[in-house]
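What follows is a single structure, written as structure tokens, with notes after it.
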Amino acid sequence: MVKYIIRRLLGFVPTLFIIVTVVFFLIRLAPGGPFDAERNVSSEVLQNLEAYYHLDAPLHEQYFQYLRDVLHGDLGPSFEKPSRTVSEWIAYRSPVSLELGLYGLAVALILGLSAGVIASLRPNTLTDHVPMAFAMAGICVPNFVLGPLLVLVLSLHLGWLPVSGWEYSEDKILPAITLGVPYAAYIARLSRGGMLEVLSQDFIRTARAKGLSEARVLLRHALRGGIQPVVAFLGPATAGLITGSFVVENIFQVPGLGSEFVGAALHRDYTMILGTVLFFAALILLFNLLVDVVLAWLDPRLRYE
Amino acid sequence: MSRSRSGWQRVAALMACLAAIAGLAGCGARETRAARATAEGVLLVGNGAEPQELDPHLVSGVPEHRILSALFEGLVDLDPATLEPIPGVAEWWSVTPDGLMYTFYLRKSAHWSNGDPLTAHDFLYAWERILTPTLASEYASMLHCIVNARAFNRGEIRDFSQVGAKAIDEYTLEVRLEQPTPYFLSLHVHYTWYPVPHKLIESLGGMTARNTKWTQPGHMVSNGAFKLVKWEPDKVIRVEKNPRYWNADAVRLQGIAFYPISDPMTEDRTFRTGGLHLTENVPLPKIEIYQQEQFPFLHIDPYLGTYYYRLNTTRPPFDDVRVRRAFALSLDRDTLVAQVVDAGRQPAAHYVPPETGGYTSTDRMPYDVDQARRLLAEAGYPGGKGFPKVELLYNTSEDHRRIAEAVQQMWNAALHVEVQLLNQDWKVYLNSMNVLNYDIARSGWIGDYSDPYNFLECFLSGNGNNRTGYASEAYDRLVRKGASVMYKAGRLATYQQAEETLLADAPIIPVYFYTRPYLKSPDVKNWQPNHLGYISWKTLYLEAPEEESP
């Protein structure tokens, strides 16, 4: 197992290298540069800016310089927001994204698993249809609709929760729900499917025949197998929750990394784009590895060499 | 039966939990944040966007200006009601009769927020810093009116003592100008003219380092009515009253919290739930609703800005002035503004906004379809026949698209020409304009100071903001002449001639004059709106409405 993990970790290096290379050259192909502004920047100032950030060197030299810097742990300065380096911006914003992602994940798991398990107990009855209808709605309603809808009801009409910000703890409730609900819907459907499959198997019948309580059958025996599809989904989902929260961050004015990433692309902040892409890529690779390890632990049939 | 009941029980428990969380949060939020802040004397302001920086020499936008004007003060301040210069750090000043030399006498009571005295050398250090070529300040050209400042900024002169600014003593500053600049004093509210703390900057990387920490809370030192206490990007920037400010006794706010809420819809909702005293913007669709409802918090002020279309004069068909005029004459601004843009905006039949530095153009670009058709026929396209397909470029935005669609139909109906719409992402759009790769492009200009020169200089030949290829010797001569005439009537008359030339040559088609819509709580007192959007934070105060008896 350890060998397998080390091999996977080593595999990250070429993957990240390819990602950095492709992105480095792709962003240079996009028209417009980091210092284009509505109010024109004079050519002398532009030259000085490019000299300051070494953007006047030939592209391949800039590329190798960037690779050297990255290997030394330096992601460079931000052109757009010069008060902090790219590493400092990621260090400032990623905890917010991680926090929001984790709350979203908690919402998704609590709502999703409960709904899925409940639905699987009596398939094709009202107990099944009601949660599954909600799940289908959750998948269909995009979060840029769900967010403002929740705000309309819970904030504007009822006055219970704040509309935006990330300063106080109550600020975090609506973004977490908005982010988590679509994932909860997927988890509900996956766990229902997984549970239905497991519950029809012989070892469950054996457990019931032994006279075990229904709760024990469900929680000890069925759940472990039933949630396997959910676990497989959790890797990309967790990465998605952390990296893909741009829309939610925008609706609720949350200072996460997602909005930084999109902003950097729009502003042609080359170093910031590369830095965030690298960070997100590493995160996704890591979560996928984590999921494979957890799956192996859950299912004795899967053993990696 | 028992199985399903346990499931329902769990759902019920979960619902109860959620309700409890919401209920708890609800208890705390009964008194709105704005009401609490009013009691504390802290103003909650929507700032539109996160500032790029808080270094006055490295920024170029409006969101930065709002915050920096609370933190810093220049030699001269503006009366927010009249926009006339009033004393700032300088207690008084004198100017020579030829308008070429200003002497500023700084007040000895002015200090930095750490207690250091503020002297003429702080200003000289700041001006040298912003003009130093290697710092590459994007806005240094604001100081080019000083003798030799342009040459120093371009690296043609290395010695700053040759630039026309010097300290006679610690508290006397002399500034010599290249040519008479009648609006010189009003420039000093712009952040490019603010002093910066030179000891601090020298200790944290030096004069020409762009990526330093001097603007971080804990380090930052400023000289204005407020000082920085917290800067959490995309969350909040908090400033509090600066007891070292020379006029601190007159400052009534205890602090300001700037919330960089970029989505106007979110900002609007935050205001309505009592999270802000003042917003930066109001979403366009909301304005109409608020106007119908007569929402008492909605304010719409005139704003020093023009929304217009550029025409690319370097390639057919718009290299022909008759074609440009035909397009300009066939735009029905009144209908367009009334039906598509409204929000209190005024149709723009000329370029410089009304009342800019006391100037309002008397020349108007009429709406005259018959003449437009005649001109188009003269140019070789009778009834639009043979007219090439042209593209109207705009940066991706719902508002720009709506206006472009209406204009497209107007031109098609009046001239029988086909105009295609093309939207591009912001940087691509800027690039297309810079390299003159467009036919028609939507644009806008917001004034930095209230003088027509600020608008008219954009279309001087070769100016970086021209972006139309327009070059007219007559126009250049008139604008340059107007800028240096010291007596007002003569200056404005010359500007008038310049604007007439511009409208006749039509490298641009003005569409409307901007307004500044915002929502403001009645708690905010002593509010003095002006068309620069300049907010004098130090004169505002907060007062809760009188409590109803229980």
Side-chain angles (χ1 to χ4, degrees), chain A residues 30-33 35-46 48-49 51-52 77-78 80-85 89 92-93 110-111 114-115 117-118 121-122 125 127 148 151 154-156 158-167 170 173 214-215 250-255 259 266-268, chain B residues 2-4 6-8 10-11 14 21-23 25-26 28-30 33 52-55 58 60 133-141 153-155 210-211 213 215-216 232-236 259-263 265-267 269-270 272-273 275 425-428 430-432 434 464-465 467:
Chain A
F35 307 114
D36 281 330
E38 178 150 44
R39 197 174 297 264
N40 192 270
V41 176
S42 75
S43 54
E44 297 99 27
V45 172
L46 196 63
N48 284 320
L49 279 169
Y52 189 95
S78 160
E80 177 71 12
K81 297 170 173 175
S83 63
R84 291 164 196 236
T85 64
W89 279 115
Y92 169 74
R93 286 169 179 276
I110 294 171
L111 291 181
S114 334
V117 171
I118 291 164
L121 295 179
R122 312 200 72 195
T125 63
T127 336
V151 166
L154 294 177
S155 305
L156 290 176
L158 297 172
W160 286 357
L161 290 169
V163 169
S164 69
W166 196 256
E167 256 196 310
E170 72 257 30
I173 298 172
E214 189 60 28
N250 207 33
I251 295 173
F252 295 100
Q253 193 60 36
V254 177
S259 45
L266 291 177
H267 291 126
R268 306 283 188 273
Chain B
S2 67
R3 267 186 306 198
S4 72
S6 74
W8 283 115
R10 242 179 284 172
V11 173
L14 194 74
I21 294 170
R30 195 136 306 157
R33 285 179 192 171
Q52 267 184 286
E53 238 299 352
L54 291 179
D55 183 332
L58 296 183
S60 56
T134 43
L135 184 75
S137 170
E138 292 161 45
Y139 230 149
S141 59
N153 192 210
R154 286 184 174 169
R210 288 177 71 91
N211 307 83
K213 302 285 172 220
T215 54
Q216 295 298 314
E232 292 187 20
D234 270 334
K235 276 193 210 171
V236 67
Y259 291 94
I261 307 175
S262 49
D263 180 9
M265 280 295 192
T266 304
E267 193 188 35
R269 291 193 289 258
T270 310
R272 282 192 290 151
T273 49
D425 156 46
W426 180 242
K427 291 277 183 174
V428 183
L430 289 175
N431 186 258
S432 301
N434 280 338
N465 291 309
R467 291 166 172 160

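Just so it is clear: chains get the letters A, B, ... in the order the sequence lines come, proteins before strands, and each one is counted from 1.
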Region of [X] in contact with chain A, defined by heavy-atom distances below 4.5 Å:
X	value
B/Ile261	both
B/Asn465	both
B/Glu138	both
B/Val236	side chain
B/Ser137	backbone
B/Asn434	side chain
B/Thr215	side chain

Notebook entry, point to check: Picking from B/Ser262, B/Ser432, B/Gly464, which has the most non-hydrogen pairs under 4.5 angstrom with chain A?
Noted result: B/Gly464
With a 4.5 angstrom heavy-atom cut-off, could you sort out which part of [X] is near chain B: side chain, backbone, both or neither?
X	value
A/Val45	both
A/Ser78	backbone
A/Arg93	side chain
A/Ser155	both

Checklist line | Chi angles and distances behind the salt bridge (Lys or Arg N to Asp or Glu O under 4.0 Å) call for B/Arg154, A/Glu44 | finding: CA-CA 7 Å; B/Arg154 286 184 174 169; A/Glu44 297 99 27; 3.5 Å; yes
Notebook entry, point to check: Taking 4.0 angstrom as the limit, do A/Glu80 and B/Arg210 come out as a salt bridge?
Noted result: no
Notebook entry, point to check: Among all residues two or more places apart in sequence or in another chain, which pass the side-chain contact (heavy atoms from CB on, under 4.5 Å) test with B/Asn153?
Noted result: B/Leu131, B/Ala140, B/His144
Notebook entry, point to check: Shortest non-hydrogen contact from A/Ser164 to B/Arg33?
Noted result: O-NH1, 4.3 Å
Next item on the list: Using only heavy-atom distances, determine whether the side chains of B/Glu232 and A/Tyr92 contain a donor-acceptor pair under 3.5 Å.
Entry: no
